[in-house]
Trainee: 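Take this structure, written in structure tokens, and hold onto it; I'll ask about it next.
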Amino acid sequence: MQKLWHICFFLVGLTLLSGCQSTGGTEAAEDEGPKPLYTTYETFDEIAPIFNKQTDTTYVINFWATWCKPCVEELPYFEQLHEKYQGEKVKIILVSLDFPNQIETKLIPFLEERQLGPEIALLLDDDINSWGDQVDPQWGGAIPITLVYDAEKRSFHGTQFASYEELESMVEGVL
Amino acid sequence: MKKIIGFSAFVLVAAIGFFAISAAQPQPEAEGLEVGDTAPDFELMNIDGSMVSLADYEAEEGHEDVKGYIVTFTCNTCPYAVAYEDRLIETHEKMAPKGWPLIAIQPNDPEVQPGDSMEEMKKRAGEKDFPFVYLLDEGQEVYPAYGANRTPHIFLLDTDRKVHYIGALDDSPRDPEGVTVNYVEDAIAAIESGNEPDPSFTKAIGCTIKTKK
């Protein structure tokens with residue numbers, strides 16, 4: 001019986017979550033075509049799988065926010081990277097740590113203006129102390145940071161990139 | 001004798017090898033202070049124009065009962081620092097009477113981040129009526145000595161300047177309503193009951209400290 005309850009809660013939770021995800025994503029998708037502007041993750045557990053994919057794809061994951069000047073400065077490098085590796089097994093995900101009360105006023109207008117190629121995730125889980133190590137144990141919490149990994153290698157960059165070439169050579173180091 | 005020299009040489013080589021290996025291992029936040037270290041004192045200008053050091057602070061009238069310091073690297077311009085302003089004020093107002101004042105240090109280079117100049121610090125402190133000192137890390141020598149790498153970043157020291165806790169104020173930076181653990185208050189409670197804080201180190205989201213490239 002208890003199990004049934006758990007399943008019920010799980011399903012209710014799932015419904016709620018997909019509800020949340022559709023607020024920014026689907027509405028925007030109707031305007032912009034098939035790709036949602038961003039996907040919302042309320043807890044780290046929901047986004048955790050993207051940090052541990054055991055596939056033949058190389059993942060490039062960057063933590064950023066619209067309020068973070070050095071992050072915004074290096075976004076064009078990720079755009080360039082996205083163009084270069086289009087059609088290849090390289091997946092770029094930009095994880096935003098924007099404030100919940102600035103999504104409508106800052107994040108959405110920013111994304112609509114920039115029309116970035118890489119996938120955008122919005123992570124609302126604030127308890128970084130409980131999940132930061134899963135991104136990388138070296139990470140203290142300041143952004144930007146970038147993680148590049150595949151099934152065999154893992155590389156962490158704890159600061160802003162000085163140039164596009166620096167980002168590309170980090171990715172090439174894992175490929 | 002030869003044997004001793006041989007053995008010593010072996011120990012030396014082994015030691016060098018060991019250090020080389022440990023140096024090559026990336027350590028989390030390896031630079032700066034760790035819990036248990038003694039933090040350096042400093043002498044920095046406050047928003048009222050006076051120079052403040054921890055030694056002077058303790059010696060001042062009315063500060064005889066100081067047991068330690070909540071040294072907080074923070075600034076005007078980082079949204080995470082701004083999100084924490086009211087909580088820093090509350091923390092100081094609650095903890096200073098218990099002997100744990102908050103000492104705020106602004107580590108950004110005002111030439112890189114004009115919103116963090118002494119003038120702007122005075123303005124913001126006035127608007128928010130900061131009850132704590134708000135010091136400018138002029139020359140940017142204090143934050144690297146502490147190993148602060150973001151704003152806000154907290155170092156909890158006793159009056160011997162021994163570090164007891166490094167990290168965030170609490171577990172909910174973006175949403176003050178969502179706080180479930182106040183790391184700093186818990187750490188102080190632990191110290192006062194003769195224990196070491198647990199956790200004594202937390203990660204925290206924040207803005208990088210701005211320096212000339």
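Side-chain atoms are counted along with the backbone in the values below, which use heavy atoms only and exclude waters and symmetry mates. Below, chains carry the letters A, B, ... as their sequence lines are ordered, and counting in each starts from 1.
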Trainee: Just so I know, are the side chains of B:Lys203 and A:Asp133 near enough to count as touching, which here means a heavy-atom distance under 4.5 Å?
Mentor: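 SC-SC contact between B:Lys203 and A:Asp133 confirmed.
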Trainee: What residue in B:Ser172, B:Gly178, B:Cys78 has the most heavy-atom pairs under 4.5 Å with chain A?
Mentor: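 So the answer, after comparing B:Ser172, B:Gly178, B:Cys78, is B:Ser172.
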Trainee: Go through B:Pro199, B:Gly206, B:Gly167 and name the one with the most non-hydrogen pairs under 4.5 angstrom from chain A.
Mentor: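 Heavy-atom pair counts peak at B:Gly206.
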Trainee: Does anything in residues 63-78 of chain A get under 4.5 Å of chain B by heavy atoms, and if so which residues?
Mentor: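 If one takes a 4.5 Å heavy-atom cut-off, the residues of residues 63-78 of chain A near chain B are A:Trp67, A:Lys69, A:Pro70, A:Glu73.
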Trainee: Should we count CD of B:Glu111 as having more than 12 external heavy atoms under 6.0 Å?
Mentor: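 Open.
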Trainee: Taking CD in B:Glu60 as the centre, count heavy atoms belonging to other residues, nucleotides or ligands within less than 6.0 Å. Is the count above 12?
Mentor: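 Enclosed.
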Trainee: Could you tell me whether the side chain of B:Asp158 and the main chain of B:Arg161 form a donor-acceptor pair under 3.5 Å?
Mentor: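 Yes; at least one donor-acceptor contact below 3.5 Å.
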Trainee: Under 4.5 Å from any heavy atom of chain B, what part of A:Asn101 do you find: side chain, backbone, both or neither?
Mentor: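 Nothing of A:Asn101, per the 4.5 Å heavy-atom cut-off to chain B.
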Trainee: Within a radius of less than 6.0 Å around CD of B:Glu196, do more than 12 heavy atoms belonging to other residues, nucleotides or ligands occur?
Mentor: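 Atom CD in B:Glu196 is packed in, count exceeds 12.
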Trainee: So does B:Glu90 pair up with B:Arg87, basic N to acidic O under 4.0 Å?
Mentor: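 No.
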Trainee: Given a strict heavy-atom distance threshold of 4.5 Å, which part of A:Gln102 is in contact with chain B: side chain, backbone, both, or neither?
Mentor: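 Neither part.
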Trainee: Would you say the side-chain atoms of A:Asp136 pair up with the backbone N or O of A:Leu147, donor to acceptor, closer than 3.5 Å?
Mentor: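 No, because the side chain of A:Asp136 does not come within donor-acceptor range (under 3.5 Å) of the backbone of A:Leu147.
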Trainee: Any sub-3.5 Å donor-acceptor pair from B:Tyr183's side-chain atoms to B:Asp171's backbone N or O?
Mentor: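 Checking the backbone N and O of B:Asp171 against the side chain of B:Tyr183, no donor-acceptor pair under 3.5 Å is found.
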